[in-house]
Amino acid sequence: MPDLFNSVFADESQSTLSVGLFLCCILVALVCGGIYLAAFSFRERGSRSMRLSLTLLPAAVCVVIMMVNGNVGIGVAVAGAFSLVRFRSAPGNAKEISVIFMAMCSGLIVGVGYFAYAILFSLLMGGLLILLTFFGAREREHSRERVLKLTVPEDLDYTGAFDGVFGLYTDRQELAAAKTSNMGSLYKLTYRVRLKDGINEKQFIDDLRVRNGNLEIMLLRPEENDRDL
């Protein structure tokens, strides 16, 4: 059992790396990437590029660590290359960045030869990610926070126009944004509201339609901000 958690490079020469060991490292890194992919995809639809990155990133980091092999000059060059890639990529949300960082850590562990530790770390982090996603989804299901988007005509003074309806159906409301539309003939309003417990959402929308002239209304759950760092 102790040998399982030893580095596979412990008995290897620092300047020698067999093809079989190289392929074995790549395979273990891909397994770690698959674990993160499965955990990240639990109850959430990630982008295709994100899924591809999580699968391949541990293997890429593993190869970099094996090739650097203690050479400071190569390490500095690789860090510069990674910084260029970072500045030409779109920023993600906090969850995506965290999972990418964990995948890189697993690739690093595989790169130094600790296969068992890499798999163990990936399983622990993947399981924790699934657990947090599950409880986060349950919390969102029971949340009464909503985003309300209203379209009103330009001749309607929207300041205070919906206070009566909001008083009946919401505990809290806040005007988050207002903008003109259709050559200035319409206003599009965005409110953050907290619905009262047990209210009828359809009746809430119907009462709003009476006030805004039966124009477009949208009531939706708040989405996580893509730039929440």
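All heavy atoms count here, side chains included; hydrogens, waters and symmetry mates do not.
To the nearest 0.5 Å, atoms CG (Leu54) and CE (Met102) are separated by 9.0 Å. Once rounded to the nearest 0.5 Å, the distance linking OG1 of Thr55 with CE of Met50 reads 10.0 Å. Of the inter-residue distances, the one linking Thr151 atom OG1 with Met218 atom CE reads 8.5 Å to the nearest 0.5 angstrom.
With hydrophobic clusters built from ILVMFWY side chains whose heavy atoms lie under 4.5 angstrom apart, Phe40 shares a cluster with Tyr36. In terms of hydrophobic clustering, with Ile, Leu, Val, Met, Phe, Trp and Tyr side chains grouped at heavy-atom distances under 4.5 Å, Leu37 and Ile100 are assigned to different clusters. Under a hydrophobic-cluster definition in which Ile, Leu, Val, Met, Phe, Trp and Tyr are linked whenever side-chain heavy atoms come within less than 4.5 Å, directly or via other members, Val28 and Leu123 are assigned to the same cluster. Both Phe22 and Leu56 belong to a common hydrophobic cluster when Ile, Leu, Val, Met, Phe, Trp and Tyr are linked at side-chain heavy-atom distances under 4.5 angstrom. No chain of hydrophobic side-chain contacts below 4.5 Å, direct or via other Ile, Leu, Val, Met, Phe, Trp or Tyr residues, connects Ile109 to Phe101.
Contact record, Glu154 with Gly184: OE1-O, 3.1 Å, taken as the closest heavy-atom pair. Contact detail for Ala118 and Ser106: the closest heavy-atom pair is CB-O, 4.0 Å. Annotation for Gly167 and Lys196: closest pair O-NZ, 2.8 Å, computed over non-hydrogen atoms. Pairing each heavy atom of Arg194 with each of Arg144, the nearest pair is NH2-NH2, 2.7 Å. The minimum heavy-atom distance linking Cys62 with Ala29 is given by the pair CB-CB, 4.1 Å.
Contacts of Lys202 classified as salt bridge (Lys or Arg N to Asp or Glu O under 4.0 Å), with partners at least two apart in sequence or in another chain: Asp206.
The pair Glu216-Lys149 does not count as a salt bridge, with every side-chain nitrogen at least 4.0 angstrom from each carboxylate oxygen.
Within 6.0 Å of CZ in Phe42 there are more than 12 heavy atoms belonging to other residues, nucleotides or ligands.
Under the 4.5 Å side-chain criterion, counting only non-hydrogen atoms from C-beta, Arg51 is in contact with Ser41. For the pair Leu132/Lys95, no side-chain contact is recorded, criterion being any heavy-atom separation below 4.5 Å from C-beta on. The closest side-chain heavy-atom distance from Cys32 to Val110 is below 4.5 Å. Side-chain contact between Arg221 and Arg146 is present, with heavy atoms from C-beta onward closer than 4.5 Å.
The hydrophobic cluster containing Ile199 also includes Leu148, Leu150, Val152, Leu156, Tyr158, Phe162, Val165, Phe166, Leu168, Tyr169, Leu175, Tyr187, Leu189, Tyr191, Val193, Leu195, Phe204, Ile205, Leu208, Ile217, Leu219, under a criterion of side-chain heavy atoms closer than 4.5 Å among ILVMFWY residues, counted directly or through chains of members. As a member of the Ile/Leu/Val/Met/Phe/Trp/Tyr network built from side-chain separations under 4.5 Å, Leu186 groups with Leu215.
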Please assess Leu124 against Leu120 for the test side chain to side chain contact (heavy atoms under 4.5 Å, CB included), listing each intermediate value before the final yes or no.
-> CA-CA 6 Å; Leu124 288 175; Leu120 179 62; 4.2 Å; yes
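Between the Arg211 side chain and the Ala161 main chain, a donor and an acceptor come within less than 3.5 Å of each other. In this structure, the side chain of Asn182 does not engage the main chain of Ser185 through any donor-acceptor pair within 3.5 Å.
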